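On a predicted model such as this, the values are computed, not experimentally measured, just so you know.
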Amino acid sequence: MEQLLRLIMAGLPLIFAFGFLVPVIAQGMEALGWQAPFGLGTLTFALIVGGTLGLIAQIRNRWI
Amino acid sequence: MTNSTDLSALSDKELRKMEIAIARKHSGMFPWEIIVWAFGNLAFWLTLWPLVIFNVVPLWLGFVIATINMSLVYLPTHDAQHDIIARPGQKLRWLNELVGHATSWMITTPFQVFRVTHLQHHRHTNDTELDPDITSMASGPVQAIWSSIRERQPDGKRANDYFAAVARAGREDLIPISIFYKLGHVAILCVLAWSGFALEALLLWWLPYHIAMTYLTFFLSWAPHHPGNEQERYRNTRSWKSVIGNIGSMGMQYHIVHHLHPYIPLVRTPAAYREMRPILEARNCRLGDI
């Protein structure tokens, strides 16, 4: 069980990015009335931004 | 005894006797304030969610209140960690444990982990190898804030120090529970976010939690121990004058009394300190202008 939990913990930056950061960005943009650039949908834009940040955090093992 | 009393001529044994008499005078009572604090804070924060979701309270105000709620979580659990509400075997022991368990989850750490690591902190204060809170130490206030944020990153040392401390205490069973709490927190945030409540989850829990942890690490760990380079009982912590007052710094101006006599309830440490000050002076303690 502990091994499984540790395995999930190891992938937490990506889980956090796609599970939390992406909807935060999407819903934050909608609340502020912001349009995504290049004709992208809000959720698509959030997936690109949130996913990229999560991937960087996963590789660096830190967000900041 | 007045603050100007010079007790430096007294022996170690005499000072000890006087110190313990004062500590006993300020301990042993039922800390009802901390019970009200713990459950009032919990109820307030839980109530905040429907109030914000149904637009009774605006989200920005909910964020401010939730940040205060998160900052207030730790100290009731801290009294419970030290068995101040009730010791093992006492009639109200269940209440002591309930206060700890019912509130510590808000800041995503199991009560037993807080208890074990905090007792290790008391036992090994400022020990670079054995004090699980040693990562709070920093050269100045800005560095302390930055260090607190950095230590909550995936590569932070603090979580490993906590796991090592519980392992040394023979409580390896707490490690998966601790990980489960962290994953549970993220899971709840994710479910809320994909259910359309991402901003509520962000501003009522995630961000208030991180602001509160930075504040708590600063005032409860860094400031009372700074510079954190002495381990002797009367020198490993200090009294200090906080620019935001005793309430603003959560009573930590008198942290030295807590380390010397951890069974004194938080709300009694200022009075105990005022009486104990001449003894602490005679002990060459690090005392601020307070």
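- L12(A) touches chain B through its side chain: at least one heavy atom from C-beta onward sits under 4.5 Å away, while N, CA, C and O do not.
- Heavy-atom distances place no part of A57(A) under 4.5 Å from chain B, backbone and side chain included.
- Here F16(A) contributes atom CZ and C190(B) contributes atom SG; the two are 7.5 Å apart, rounded to the nearest 0.5 Å.
- Here the NZ-CG distance, from K182(B) to L5(A), works out to 13.5 Å after rounding to the nearest 0.5 Å.
- For Q35(A), the CD atom counts as loosely surrounded, since its 6.0 Å shell holds 12 or fewer non-hydrogen atoms of other residues, nucleotides or ligands.
- With a 4.5 Å cut-off on non-hydrogen atoms, A201(B) touches chain A through its backbone and its side chain both.
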Test side-chain contact (heavy atoms from CB on, under 4.5 Å) applied to L202(B) and F20(A), step by step = CA-CA 9 Å; L202(B) 175 76; F20(A) 187 60; 4.1 Å; yes
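- For chain A, the option among L189(B), L192(B), V191(B), I177(B) with the highest count of heavy-atom pairs below 4.5 Å is L189(B).
- When the candidates I149(B), I175(B), I179(B) are compared by the number of heavy-atom contacts under 4.5 Å with chain A, I179(B) comes out ahead.
- Taking CZ of R150(B) as the start and CD1 of I64(A) as the end, the distance is 7.0 Å to the nearest 0.5 Å.
- The local environment of CD1 in I244(B) is crowded, with over 12 non-hydrogen atoms from other residues, nucleotides or ligands closer than 6.0 Å.
- Heavy-atom contacts from other residues, nucleotides or ligands closer than 6.0 Å to OH of Y181(B) number more than 12.
- Annotation: residues 39-55 of chain B contacts chain A through no residue [non-hydrogen atoms, separation under 4.5 Å].
- Under a 3.5 Å cut-off, the side chain of W194(B) and the backbone N or O of G19(A) do form a donor-acceptor pair.
- Atom CD1 of I25(A) is separated from atom CG of L199(B) by 11.0 Å, given to the nearest 0.5 angstrom.
- Checking side-chain atoms of Q27(A) against main-chain N and O of A193(B) turns up a donor-acceptor pair under 3.5 Å.
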